[in-house]
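All values reported here derive from a predicted model rather than from experimental measurement. For this chain, numbers begin at 1 and follow the sequence in order.
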Amino acid sequence: MNDINLHSLSFSSYFHIGDSYFINAKSRALAVKREFPRFYGKEGNFSEFPIFSMQYPMPVITERVNMSVSNPNPNIFVNHIKVKGVSSSSVLQVGSSQTICAEVRIKHTRQLLGPEIHRAMVIPTASVKSEED
């Protein structure tokens with residue numbers, strides 16, 4: 001292998017050179033966007049959201065696959081790989097793997113202020129001067 005340039009690897013992701021038997025990449029996240037940034041310390045519990053406890057659907061493969069592999073040269077040659085990012089339970093592998101399971105579960109929440117709070121807030125509006133002024 002001559003050159004691999006990987007800028008970012010994050011959130012339960014794998015970069016693997018060589019063969020593997022089993023890769024299990026899992027990532028869980030609570031993403032909260034607030035109109036008014038207030039942090040309470042304990043920002044959430046995964047058990048409060050059903051998406052994190054639901055059973056992962058596994059496909060059932062019923063058909064038989066016959067395969068014959070001939071590897072006269074089992075080496076893998078890579079000249080150059082350039083990757084900006086591998087994120088959220090992704091796999092960058094140079095080699096082979098029998099099984100890869102990758103799962104990402106993200107609960108996005110938007111916490112916006114209600115219209116009554118907007119009316120009560122006094123937010124000055126910016127005046128725009130025209131070229132004539």
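- Taking 4.5 Å as the limit, every side-chain heavy atom of Thr109 sits out of range of all side-chain heavy atoms of Lys33.
- Using a 4.5 Å cut-off on side-chain heavy atoms (C-beta onward), Ile81 and Val94 make contact.
- Under the rule for a side chain to side chain donor-acceptor pair (under 3.5 Å), Thr99 has no partner lying at least two apart in sequence or in another chain.
- No more than 12 heavy atoms of other residues, nucleotides or ligands sit less than 6.0 Å from atom CZ of Phe11.
- Among Val86, Val91, Ile4, the one residue that satisfies the side-chain contact (heavy atoms from CB on, under 4.5 Å) test with Phe15 is Ile4.
- Closest heavy-atom contact between Lys84 and His7: O-CB, 3.2 Å.
- For the atom pair CG of Leu30 and NZ of Lys107, the computed distance is 9.0 Å after rounding to the nearest 0.5 Å.
- Atom CZ in Arg28 sits 14.0 Å away from atom OG in Ser88 (nearest 0.5 Å).
- In terms of hydrophobic clustering, with Ile, Leu, Val, Met, Phe, Trp and Tyr side chains grouped at heavy-atom distances under 4.5 Å, Val32 and Phe46 are assigned to different clusters.
- Checking side-chain atoms of Asp3 against main-chain N and O of His80 turns up no donor-acceptor pair under 3.5 Å.
- Side-chain atoms of Arg105 come within 3.5 Å of backbone atoms of Ile51 as a donor-acceptor pair (strictly under, hydrogens ignored).
- Shown here for Ser27 and Ser89, the closest heavy-atom pair between the two residues is N-OG, 3.1 Å.
- Both Ile76 and Leu6 belong to a single network of hydrophobic side chains, linked directly or stepwise wherever heavy atoms of I, L, V, M, F, W or Y lie under 4.5 Å apart.
- Between Ile106 and Val104 the shortest side-chain heavy-atom distance falls below 4.5 Å.
- For CZ of Phe22, the number of neighbouring non-hydrogen atoms (other residues, nucleotides, ligands) closer than 6.0 Å is greater than 12.
- By the 4.5 Å heavy-atom criterion applied to side chains, Tyr14 and Ser90 are not counted as neighbours.
- With rounding to the nearest 0.5 angstrom, the NZ atom of Lys26 is 8.0 Å from the SG atom of Cys101.
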Worked verdict on Asn73 versus Asn71 for side chain to side chain contact (heavy atoms under 4.5 Å, CB included): CA-CA 5 Å; Asn73 186 355; Asn71 241 348; over 6 Å; no

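- If you check the side chains of Ser20 and Gln93, you find a donor sitting under 3.5 Å from an acceptor.
- Judged by distance alone, the side chains of Ser13 and Ser87 never bring a donor and an acceptor atom under 3.5 Å apart.
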